[in-house]
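We count ligands from 1, going down the list as the structure has it; atoms in each ligand are counted the same way. In this chain, residues are counted from 1 in sequence order.
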Amino acid sequence: MRDCDSYLPILDELADRYLGILGFQGPRPNFKIVDNLGSDWLGRTTFSTRNTETTIIEIQASVLDDLPTLERIVAHEIVHHWEFLARMDPRDFLLFKIGIKPPSHGPSFQEGAAMINAVKGDGFVTVGSDRTYVVRKSTRPFYLLITSSRYYVSRRDSERSPFGYAWAARIGPRNREKIDRVLSEGGKLVRIADDRFTHGPRIERWGKIAVPEAGSETAIELARLFETESGIVPP
Ligand SMILES: [Zn+2]
């Protein structure tokens, strides 16, 4: 992947394209590229009454490499940008100021989406088009805690993998105790970058352990990691 900042001109160009389709002459958003592990959104638009000039659109770095996907996400967020800057009337604005936000994909979103879809085709901008698909696999390493104890699998549930897991980007006071306990029960802590596991639960003191279905791809990979990776001692 290229340096994130080198994508900003592409994002501005996409913004201009979709602002043009919406017939909006106002300012562009400020783009920010972020890289959050395990996030369920790929794009997000934020408007604040403290700075009403423009919005901030955050884009996950994981979508930068796939231009068609990036374009759909930017188009979706530009509709939100247009809603905030072009469609809010003084009453909406007052309500927003006291914390009452308009519905996030209500009639004005649908109206903007329809204007873009009239040019780009049906289904180009949808309610979920900023979060439904992830393209590039994240390469950021994280900690995966693997439990091998039957304790985490209910006795009746023999259809489950003998291994369970939870993950964390960092180890700190909030999850350290859980890690120590699982390791003392014969579990293993490994450092990997396979992002299928970051859709599961995070390691937390009272947090859940995910136990995949026996024979599933995740169960097989978990068993492979447990048997082949050398466990690490938490830092
Ligand atoms: Zn949205």
Checking [X] now: which residues fulfil salt bridge (charged side-chain N to carboxylate O under 4.0 Å, His left out) with it, not counting sequence neighbours?
{"X": "D16", "value": "R28"}
{"X": "E204", "value": "R174"}
{"X": "R87", "value": "E111"}

Subject >> Side-chain heavy-atom pair Y143, P235 within 4.5 angstrom cut-off >> reply: yes

Original post:
What are the protein N/O/S atoms, named by residue and atom, that sit under 2.8 Å from the Zn ion (ligand 1)?
Top reply: H76 NE2, H80 NE2, H105 NE2

Original post:
Are the side chain of S216 and the backbone N or O of E213 linked by a donor-acceptor pair below 3.5 Å?
Top reply: yes

**OP:** Could you label the plane-to-plane angle of the F96 and F84 rings as parallel, tilted or perpendicular, counting under 30° as parallel and over 60° as perpendicular?
**Re:** perpendicular

